[in-house]
Protein chains: 2
Amino acid sequence: MNALILIVEDEEDILELMEFNLGREGFETIGFLNTKRVHEVLSEENVDLILMDRNLPGTEGSEYIASLRRQGINIPVIFISAKDKDEDIEQGFERGGDDYLTKPFSMKELILRVKAILRRTKKSPNEGNSTYRDITLNLASRTLMIENSLIELTKLEFDLLYALISNQNIVLDREYLLEHVWGSDEVYQDRTVNVAINRLKEKIDPDKSKEYIKTVRGVGYTLC
Amino acid sequence: MNALILIVEDEEDILELMEFNLGREGFETIGFLNTKRVHEVLSEENVDLILMDRNLPGTEGSEYIASLRRQGINIPVIFISAKDKDEDIEQGFERGGDDYLTKPFSMKELILRVKAILRRTKKSPNEGNSTYRDITLNLASRTLMIENSLIELTKLEFDLLYALISNQNIVLDREYLLEHVWGSDEVYQDRTVNVAINRLKEKIDPDKSKEYIKTVRGVGYTLC
DNA sequence: AAGTATCGTCACAATTTGATTACAATAGTT
DNA sequence: AACTATTGTAATCAAATTGTGACGATACTT
């Protein structure tokens with residue numbers, strides 16, 4: 001999954017150049033000429049890094065970032081600005097910037113700094129995250145994302161999906177599931193699993209178009 | 001708990017200047033004129049950040065860092081070097097640097113960059129101030145501000161909110177909370193947490209309009 | 001194609017869980 | 001010591017979750 005970088009830069013040609021170069025490195029980019037629709041996107045998309053110009057029409061970039069920080073939005077930010085005085089740089093960092101690049105800047109250096117930040121902040125693959133196709137399970141927050149939309153699961157449903165997702169390509173029989181998901185002390189019927197699987201399917205694929213969970217007749221269920 | 005910064009710089013007067021300025025900002029520092037004893041210290045002390053010169057007697061700083069990285073040591077590194085060519089900077093980042101400052105540099109900027117990196121990588125929340133949405137916890141004065149108005153919390157309530165706020169997006173189960181907020185010596189019931197959470201909710205959101213704390217049925221509570 | 005075993009689905013009941021309130025116990029203050 | 005604030009526990013209520021049985025649908029076998 002490629003990192004998503006949001007760019008705010010009011011000079012259209014510079015913006016294009018940045019998007020082109022970052023895109024060539026395999027990053028996804030969303031560019032804006034001002035901050036108007038940024039907040040909207042931040043709440044909808046999973047942005048990994050923000051590149052922010054400071055001299056923007058209307059808003060001042062670093063003030064905008066400061067307001068994001070006050071809202072508890074801690075996405076990493078690199079300021080890219082012609083403001084190169086010591087006080088300017090100080091202000092940029094104090095308002096929550098992670099790095100500060102002064103114009104004119106080299107594309108190469110920008111890319112290096114982008115990578116350095118993402119290397120630290122982007123959740124390294126499968127650290128607390130389990131994925132299968134377009135499903136992402138986050139263990140810590142106990143949340144399920146399917147195609148960037150959040151789906152609420154009950155505890156049982158979550159544990160069940162986690163068992164399946166961490167045993168991809170392995171058919172889990174009902175006995176195994178009852179023991180590992182439900183817990184071994186109580187005694188349940190095999191049908192209990194059927195119904196639970198069903199309720200899970202209904203939540204993660206209401207249209208029945210994805211077929212995430214495959215039934216293996218006579219044995220159990222699997223994600224494959 | 002102050003951050004510990006390890007510095008390798010072969011020019012003695014620059015090293016002293018750096019230690020003096022960083023010390024004045026409240027950082028602990030350990031300075032070296034070469035890399036000889038660095039590894040030893042890294043294994044004994046809990047170093048939060050390394051400031052590394054490149055032109056050192058004997059070793060080349062960035063090569064030394066590269067070897068640390070190969071050993072799985074991922075302490076953040078800021079290179080501080082007179083090598084300012086594009087290729088030099090590229091090499092610095094590729095060998096595992098998090099930032100690159102070219103000599104001559106301003107102490108102010110160094111401190112800002114140090115803080116920016118520690119803000120992200122150090123586990124402890126930044127400077128005793130934790131925020132979430134419009135909530136601000138001040139650890140030093142143990143006070144809580146919500147939308148510019150002061151709210152009084154009891155010790156338990158404060159500690160509980162602090163646990164939640166410093167683990168945003170992570171569901172904390174009752175066992176964890178009892179151990180970390182209440183303390184592990186005594187034995188309490190799980191319900192105790194419910195009641196405490198309730199009292200906290202009542203104080204921080206009497207109208208029940210904000211929904212700061214989310215209940216995760218069957219698991220625990222989270223701020224998200 | 002018919003028969004059988006297995007599974008999906010639905011409705012309902014049982015259970016679990018959390019919120020809330022009241023009250024008792026404890027600690028800290030005057 | 002009396003008072004107050006704080007906190008743990010128990011009881012009650014409401015709600016979400018989950019287990020079960022019934023039955024139709026589906027897949028597999030012959």
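Below, read A as the first sequence line, B as the second, and so on, with proteins coming before strands; counting in each chain starts at 1. Bear in mind that the values here come from a model prediction, so they are computed numbers and not experimental data. Hydrogens, waters and symmetry mates play no part in the numbers below; they use all other heavy atoms, side chains included.
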Practice item. Mind calculating the distance between CD1 (B:Ile197) and P (C:dG18) to the nearest angstrom? Key: 11 Å
Point to revise | Atom pair distance, as rounded to whole Å: CD in B:Glu157 and P in D:dA5 | key: 13 Å
Review point. For B:Asp190, which residues count as a salt bridge (charged side-chain N to carboxylate O under 4.0 Å, His left out) partner, sequence neighbours excluded?
Key: none
Check your understanding: When the distance from CG of B:Asp190 to C1' of D:dT9 is rounded to whole Å, what number comes out?
Key -> 13 Å
Review point. Closer than 4.0 Å, any side-chain N/O of B:Thr154 to the OP1 or OP2 of D:dT7?
Key: yes
Practice item. Please state how far atom NZ in A:Lys208 lies from atom C1' in C:dC7, giving the value in whole angstrom units. Key: 12 Å
Review point. So which of B:Ile75, B:Asn74, B:Ile50, B:Val77 actually passes side chain to side chain contact (heavy atoms under 4.5 Å, CB included) with B:Leu68?
Key: B:Ile50
**Study point:** Donor + acceptor pair across side chains of A:Tyr100, A:Arg54 (<3.5 Å)
**Key:** yes
Review point. Which nucleotide, D:dG19, D:dG8, C:dG18, lies nearest any side-chain atom of B:Trp182?
Key: D:dG8
Check your understanding: Reckon B:Arg199 has a side-chain N or O less than 4.0 Å from the OP1 or OP2 of C:dT21?
Key -> no
Is there any protein nitrogen or oxygen under 3.5 Å from a nitrogen or oxygen in nucleotides 22-30 of chain D, and what are the pairs?
| residue | atom | partner | partner atom | Å |
| --- | --- | --- | --- | --- |
| D:dT26 | O2 | A:Arg217 | NH2 | 3.0 |

Point to revise | Options D:dT18, D:dG8, D:dA10, nucleotide nearest the side-chain atoms of A:Lys155 | key: D:dT18
Point to revise | Whether A:Tyr188 and A:Trp182 hold their rings parallel, tilted or perpendicular, with breakpoints at 30° and 60° | key: tilted
Check your understanding: Separation of B:Leu161 atom CG from D:dT7 atom P, in whole Å?
Key -> 14 Å
Review point. How many Å lie between CD1 on A:Ile213 and C1' on C:dC7, as a whole number?
Key: 14 Å
Exercise for review: Would you mind telling me which residue lines up with the more 5' stretch of DNA chain C, B:Gly220 or A:Arg174, judged by nearest nucleotide?
Suggested key: A:Arg174
Exercise for review: Would you tell me if any nitrogen or oxygen in the side chain of B:Thr192 comes within less than 4.0 Å of OP1 or OP2 on D:dT7?
Suggested key: no
Check your understanding: Picking from C:dT20, D:dG21, C:dG18, which would you name as closest to the side chain of A:Val195?
Key -> D:dG21
Practice item. On DNA chain C, check which nucleotide each of B:Val219 and A:Val216 is closest to and give me the residue with the more 5' one. Key: A:Val216
Check your understanding: B:Leu200 CG to D:dT6 P: how many Å, rounded?
Key -> 13 Å
Point to revise | Whether B:Tyr212 and B:Tyr132 hold their rings parallel, tilted or perpendicular, with breakpoints at 30° and 60° | key: perpendicular
Review point. Strictly by modelled atom types, are A:Asn21 and A:Arg24 linked by a side-chain donor-acceptor pair under 3.5 Å?
Key: yes
Revision key, fill the gap. Taken to the nearest whole Å, OH/A:Tyr188 to P/C:dT16 is 8 Å
Check your understanding: Under 4.0 Å between a side-chain N/O of B:Lys201 and OP1 or OP2 of C:dG18, yes or no?
Key -> no
Point to revise | Minimum-distance nucleotide (side-chain atoms of B:Asn194 versus C:dC7, D:dG19, C:dG18) | key: C:dG18
Review point. Are B:Gln189 and D:dA10 close enough that a side-chain N or O sits under 4.0 Å from OP1 or OP2?
Key: yes
Check your understanding: Between B:Arg113 and B:Asp98, does at least one N-O distance fall below 4.0 Å, as a salt bridge requires?
Key -> no
**Study point:** Short side-chain N/O contact to C:dT6 OP1/OP2 from A:Tyr221, under 4.0 Å
**Key:** no
Review point. Rounded to the nearest 0.5 Å, what separation is found between the CG atom of A:Leu137 and the CD1 atom of A:Ile151?
Key: 10.5 Å
